[in-house]
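Scroll down for the structure; my scribbles are underneath it.
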Amino acid sequence: MDNKKLSPFKYSDDNKRYQTYNYYLKHRFGTKVYKVPLNLSLSCPNRDGSKGTGGCKFCSSALSGEFAGDPAQDIKTQYENIRAVMEKKWQGGLCIPYFQSGSNTYTDIGTLEKMLSTAAALENAVGISIATRADCLDEEKCALMGEYAKRMYFVCELGLQTVHDKTAQALDRCHTYADFLKGCEMLRKYGINICVHIIDGLPGEDHDMMLRTAREIASLDLHMVKIHLLHILKNTPLEKMYKDGEFRALELDEYVNIVADQIELMPENFVIGRITGDGAKSDVVAPLWSLDKFRVINSIDRELCRRGTWQGYMND
C-alpha cells in the first residue's frame, strides 16, 4: 500500500490525520463519550441592547441551538430526554452536558452556579461544556468555572469566528479580537480548557485571511478548535446580503482546501472538535452541498491523504 495512504499522525486510531474529539475522549475516559446539548434560552449582549440588537448577521433565531433541548424543560429533563435518544446509538456511553444555545455565562453568578451544579450531578456525566462569548466572562464567573474544572473535565467554548476586527464589525459581532484574548487569559488563569470556534467563508475574507485566523489560533494555549463553514440561513441579515450579491458562498473544493491548510497549521496536541458545521436543512439557503456532512468530512480526509500531510505538518 502507498505509505501516503497510511496516517502517520500519532493521535489517531481510525486513520484520521487530525486528533478528533472522539479520539481524545475515548482515550481519556476509556469508552465512548458524547455531548448532550442543552438550551436554557439565555440571551446575548448582542441581542438585548447591551451591545447590539438582532445578534450577529449570520446567527439564527435559535442562537445556534437548533439541535439542543427544549428550553421549556429544566436541565435534568432535557438531559434525560436527549440522552435516551442517544443511548439507542451509544449504549452505556458517558456524557458531557453541553450548554450550547446562546451565551451561557451571560447571566448572574447564582444562575450560573445552579446550572453547573445541576449538570455536574447528572447521571453518567463526566464533564461539562459551556458555550459563550469572551465578553461575557469576568473574574467571578471564571473562578466559579475553575472550581468545577478541578473536579471534572470542563471546557469553555468561545465563539471567535475570525481574528479580523473589520470582518467582525461588518457582521455586528460587537466584540473584538482583543476582547477574546482577554477572555482567554482569564480562563487560563483558572485552569479551564478553552475551545475556540472559527468560521470559514465569512463575507469579505479571502483564503489568506482565513489562514491568518488559523495561524493566530494555533499560537494560543488552547485545548480545542472547531472549524465551521459559514451557513447562510433563512430569515437572517446574511441571507439578504447573499441574495443581494454582496458576497458568494464557498464551493466545496475551496472549503476543503482551506480546512486542510488550517489543519496543517494546528499544533498536534490540539483537539479538532469539528471540521464543518450543521445547519437545519429547512433553514439553509447556501451552500447546499454542506447538507451532505459526511461528503464534506470525507473530502477533507481525502485531501490530506492526497497531500500526504496531517495536523501540525507545517510545524514539523
Side-chain angles (χ1 to χ4, degrees), residues 33-91 93-133 135-137 141 144-145 148 152 154-159 174 195 197 226 228 231 233-239 273-274 277-285 291 293:
V33 182
Y34 58 87
K35 294 169 78 173
V36 179
L38 306 171
N39 185 349
L40 302 189
S41 228
L42 293 176
S43 189
C44 168
N46 200 11
R47 284 185 177 265
D48 68 2
S50 175
K51 287 193 170 184
T53 56
C56 302
K57 289 182 177 178
F58 54 77
C59 194
S60 70
S61 59
L63 284 79
S64 301
E66 287 83 357
F67 304 106
D70 180 353
Q73 299 172 339
D74 62 28
I75 292 172
K76 187 172 185 292
T77 303
Q78 286 187 49
Y79 177 83
E80 289 175 347
N81 288 343
I82 296 174
R83 185 180 162 214
V85 175
M86 291 184 165
E87 186 75 7
K88 295 175 182 178
K89 183 176 181 181
W90 296 305
Q91 189 171 6
L94 301 175
C95 305
I96 297 173
Y98 176 28
F99 295 101
Q100 180 183 34
S101 179
S103 299
N104 288 279
T105 59
Y106 190 54
T107 186
D108 62 89
I109 193 71
T111 300
L112 183 61
E113 163 63 26
K114 183 177 180 181
M115 289 164 54
L116 299 181
S117 62
T118 301
L122 291 168
E123 183 181 7
N124 265 31
V126 294
I128 295 173
S129 190
I130 184 166
T132 191
R133 289 164 50 110
D135 57 347
C136 295
L137 298 171
K141 290 171 183 175
L144 173 62
M145 291 189 291
Y148 284 88
M152 64 198 311
F154 194 103
V155 182
C156 185
E157 303 198 17
L158 299 179
C174 295
C195 170
H197 294 237
K226 288 185 175 180
H228 297 264
H231 288 96
L233 302 176
K234 292 178 181 177
N235 303 317
T236 62
L238 195 70
E239 179 189 17
R274 183 178 284 277
D278 292 309
K281 290 185 178 181
S282 59
D283 291 337
V284 174
V285 175
L291 297 175
K293 181 178 176 180

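Keep in mind it's a predicted model, so treat the numbers as computed, not measured.
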Exercise for review: Would you check, one step at a time, whether the test side chain to side chain contact (heavy atoms under 4.5 Å, CB included) holds for Lys57 with Thr236?
Suggested key: CA-CA 6 Å; Lys57 289 182 177 178; Thr236 62; over 6 Å; no
Exercise for review: Go through Cys59 and Arg47 one step at a time and tell me if the side chain to side chain contact (heavy atoms under 4.5 Å, CB included) criterion holds.
Suggested key: CA-CA 11 Å; Cys59 194; Arg47 284 185 177 265; 3.6 Å; yes
Practice item. Decide side chain to side chain contact (heavy atoms under 4.5 Å, CB included) for His228 and Lys226; before the verdict, give the C-alpha distance in whole Å, the side-chain angles of both, and the deciding distance to 0.1 Å. Key: CA-CA 6 Å; His228 297 264; Lys226 288 185 175 180; 3.8 Å; yes
Practice item. Kindly indicate, with the supporting measurements, whether the criterion side chain to side chain contact (heavy atoms under 4.5 Å, CB included) is fulfilled by Val284 and Leu233. Key: CA-CA 5 Å; Val284 174; Leu233 302 176; 4.0 Å; yes
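Nearest heavy-atom pair across Cys95 and Gly93 is SG-O, 4.1 Å. The heavy-atom pair separating Gly279 from Leu291 by the smallest distance is O-CD2, 4.1 Å. Of all heavy-atom pairs spanning His231 and Gly277, the tightest one is CE1-O, 3.3 Å. Taking both residues in full, the closest heavy atoms of Cys195 and Val155 are given as CB-CG1, 3.7 Å, listed atom of the first, atom of the second, then distance. Residues Cys156 and Leu137 come closest through the heavy atom pair SG-CD2, 4.5 Å. Across all non-hydrogen atoms, the minimal contact from Tyr79 to Glu123 is OH-O, 2.5 Å.
The distance from atom CD of Gln100 to atom NZ of Lys35, rounded to the nearest 0.5 Å, is 7.5 Å. Rounded to the nearest 0.5 angstrom, Phe58 CZ and Glu239 CD are separated by 15.5 Å. Glu80 contributes atom CD, which lies 11.5 Å from atom CG of Asn124 (distance to the nearest 0.5 angstrom). Between Phe99 atom CZ and Leu40 atom CG the span is 5.5 Å, to the nearest 0.5 Å. Rounding to the nearest 0.5 Å gives a distance of 6.5 Å between OG of Ser282 and NZ of Lys234. To the nearest 0.5 Å, the span separating OG1 on Thr105 from CD1 on Ile130 amounts to 6.0 Å.
The side-chain contact (heavy atoms from CB on, under 4.5 Å) check on Ala120 picks up Ile128, Tyr148, Arg151, Met152, with sequence neighbours excluded.
Side chain of Asn46 to main chain of Cys174: no donor-acceptor pair is present (N/O by atom type, distance under 3.5 Å, no hydrogens or angles).
Shown here is Lys76, whose NZ atom has no more than 12 heavy atoms of other residues, nucleotides or ligands within 6.0 Å.
There is a side-chain donor-acceptor pair under 3.5 Å between Ser129 and Glu157.
Contact check for Gln78 versus Val36: no side-chain heavy atoms found under the 4.5 Å cut-off. By the 4.5 Å heavy-atom criterion applied to side chains, Lys141 and Thr107 are not counted as neighbours. Taking 4.5 Å as the limit, some side-chain heavy atom of Leu122 sits within range of a side-chain heavy atom of Ile75. Side-chain atoms of Trp90 and Arg83, non-hydrogen and from C-beta on, never get closer than 4.5 Å to each other. At least one side-chain heavy atom of Cys56 sits under 4.5 Å from a side-chain heavy atom of Arg133. A 4.5 Å side-chain heavy-atom check between Tyr34 and Leu94 finds every atom pair outside the cut-off. The closest side-chain heavy-atom distance from Gln73 to Asn81 is below 4.5 Å. Taking 4.5 Å as the limit, some side-chain heavy atom of Asp135 sits within range of a side-chain heavy atom of Pro45.
Note on residues 106-120: no pairs pass salt bridge (charged side-chain N to carboxylate O under 4.0 Å, His left out), not counting sequence neighbours.
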